[in-house]
Number of protein chains: 2
Amino acid sequence: MARPRCFDEQQALRSALEVFWAKGYNAASMTDLLDATRLSKSSLYASFGSKQALVVEAMRCYAEQLMDGPLAALGRPDASRAEIEEALRATAAVARTEAGQRGCFINNCLTEIAPHDAEVMAAASAAIRQLEAALLAAVRRGQQQGAITTGEPPEALARFLVNTLSGLNLAAKSKPTAERLDDIVRVALRALD
Amino acid sequence: MARPRCFDEQQALRSALEVFWAKGYNAASMTDLLDATRLSKSSLYASFGSKQALVVEAMRCYAEQLMDGPLAALGRPDASRAEIEEALRATAAVARTEAGQRGCFINNCLTEIAPHDAEVMAAASAAIRQLEAALLAAVRRGQQQGAITTGEPPEALARFLVNTLSGLNLAAKSKPTAERLDDIVRVALRALD
DNA sequence: CTGATTCTGGACTGACCGGTCCATAATTGG
DNA sequence: CCAATTATGGACCGGTCAGTCCAGAATCAG
C-alpha cells in the first residue's frame, strides 16, 4: 500500500557523522549534510526532524562505533589491566592518523554545542558515563588480580583514565608526534602501579 | 592634529574574549561582539581587521591571563613540585565554578576552529608549548630536589601533565563534582612519585 | 490498470551572516 | 575659529543559513 523507504537510515547517519565530525556542528551546513547523505532535504527532515536531532543521533552512532573500535578491548567481559593499556595505546594510535586529528566526536560536541543544548549535553554525558563504567569494571578486575594498585578507590582510577583518554583525543588535534603520545600513555599507566 | 582613540583596545579584546569563550567562534556573531565591546563595526574592523584576526588576538589575551591566574604558580622562577600541584588544584577549582564550565578557551579554539584555520592552530600550539615549557622547568627542578621521580624523562612527565590539564578543562564542561576533580588530580600526581 | 499512499527534488522563505563604505561627529594643532 | 585628521554610526551588500512546502514520481494492494 505504501511506498517503502529506499535508503538506509543507519548509512545516512554514518555519513552525517562524518560531516559533523570533520567540520564541527555549526560549520556543517545542511547542504554539506545533504551531499554526504545523498538524501533530499524532505527525506532528511522527515527522518530526523532537525539538524540538532540529527547530531544527537550521530553522537549515539559514534559512541557505538567507538566501543567496536579502539575501545573494543574494554568491552570484553574479562577486561583488566591489559585491556586498559590496550585501549590507551589504540587511542594513541588513532590520534596519529589523519582521521584521528578530528579528535573524539563526543568531546567535540561537548565543547562546541553541549553548553547551549541540553539534549547534546545529555547524550555526551551518557557516552562518557558508559566509558567510565567500562573502565571501572576493568580497574576492579585489575585490582583483584593484583595488577593495579589498591591505594586508590577504583572509581578514582577510572575517572583518571577517562581524563587521560580525553586529553589524548584533544592532543590528536595538533598533529602530535608518536613519541609525545607514547610518553603520555606510559606515564599515565604509572599511576596504576 | 588627529583625534585620539577613545576606547581601550585591550578592554575591547577582553570583552570579545568573553563572548567567544561563552558562545564559541561560529556561534558568536559580529552583533554579539559589537554589543559586548560597545564598539561600532567600523572601529572594530579598523582595529582588528576580521573576526578571525580578532579571535586570534583573544587567544593571546587569554593565554596571558591564564599565566596570571590559575597557572601563576608555574610562572615563578623557583617553581617545582609544589607549584605543579598548585596549578592542578587551581585548575580543578576553576572547573567547579560556573565560569569554569566554559573550559579552556585555547582548547575550545583548538577543537572548533584550529582544524580549518592555520593561524588559529599556530596560536593554540604556541600557547600549549608555552604551558609545556613552564611545566618542564618545574619538573626538572622537582627531579633535582628529589620530589619527582627520575624514572621518566622530564619531557615525558611535562607532556603527561599538559594532557591532564587538558582533560580537567574538558571535564569542566559537564559540571563535574568536586570529588571527581579531586580524584583526577590526586591520581595524576601519583605518576610523579 | 487504478486509486491510495508515501517518498523525493527543488523552489522558496525570512532571517542573519561577515564585511564594506560613506557621510558625519569629534577632536586635534595652529 | 579653522583646517586637518580620525573615530563613529548605520545603511547597505551579496551570500548563506536552517527550515517549509508542494507538485509530481514511485511504489504499493487489489
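All values below come from the heavy atoms of this structure, side chains included, with hydrogens, waters and symmetry mates left out. By convention in this document, chain letters (A, B, ...) are assigned in the order of the sequence lines, proteins followed by strands, and residues within each chain are numbered from 1.
- Residue S40(A) places no side-chain N or O under 4.0 Å from the OP1 or OP2 atom of dT8(C).
- In this structure, D32(B) atom CG and dG18(C) atom C1' are separated by 13 Å, rounded to whole Å.
- Using a cutoff of 4.0 Å between basic side-chain nitrogens and carboxylate oxygens, R186(B) and E85(B) are not scored as salt-bridged.
- Note: CG (L34(B)) to C1' (dG19(C)) measures 11 Å, nearest angstrom.
- The NZ-P distance, from K51(B) to dT20(C), rounds to 14 Å in whole Å.
- Contact of K41(B) with dG19(C) (side chain to base): a donor-acceptor pair of N or O atoms is detected under 3.5 Å.
- For the residue pair Q143(A)/R140(A), the side-chain donor-acceptor check at 3.5 Å is not satisfied.
- Atom-to-atom, CG of L44(B) to C1' of dC21(C) comes out at 16 Å; the value is rounded to the nearest Å.
- In this structure, L39(A) places its CG atom 12 Å from C1' of dG9(C), rounding to the nearest Å.
- Checking side-chain atoms of Q101(B) against main-chain N and O of A95(B) turns up no donor-acceptor pair under 3.5 Å.
- Ion pairing between R81(A) and D193(A) holds under the 4.0 Å rule for side-chain N and carboxylate O.
- Annotation: of the two residues near DNA chain D, S50(A) and S42(B), the 5′-most nearest-nucleotide partner is S42(B).
- Judged purely by distance below 3.5 Å, without hydrogens or angles, the side chains of S29(B) and D32(B) pair a donor atom with an acceptor atom.
- The separation between Y45(B) atom OH and dG10(D) atom P is 17 Å, rounded to whole Å.
- Within residues 20-30 of chain A, the residues that have a heavy atom under 4.0 Å from DNA chain D are, in order of number, A28(A), S29(A), M30(A).
- Across residues 111-123 of chain A, not one residue has a non-hydrogen atom less than 4.0 Å from an atom of DNA chain C.
- Separating the CZ atom of F48(B) from the C1' atom of dA7(D) is a distance of 14 Å, rounded to the nearest angstrom.
- Salt-bridge check for E98(B) with K175(B): failed, with every basic side-chain N at 4.0 Å or more from each acidic carboxylate O.
- Between the side chain of N163(B) and the main chain of L168(A), a donor-acceptor pair closer than 3.5 Å is present.
- Between L33(A) atom CG and dC17(D) atom C1' there is a gap of 12 Å when expressed in whole angstrom units.
- A salt bridge links E57(B) with R60(B); the closest basic N to acidic carboxylate O contact falls under 4.0 Å.
- Summarising the geometry of A188(A) relative to F160(B), their closest heavy-atom pair is CA-CE1, 3.6 Å, with the distance given to 0.1 Å.
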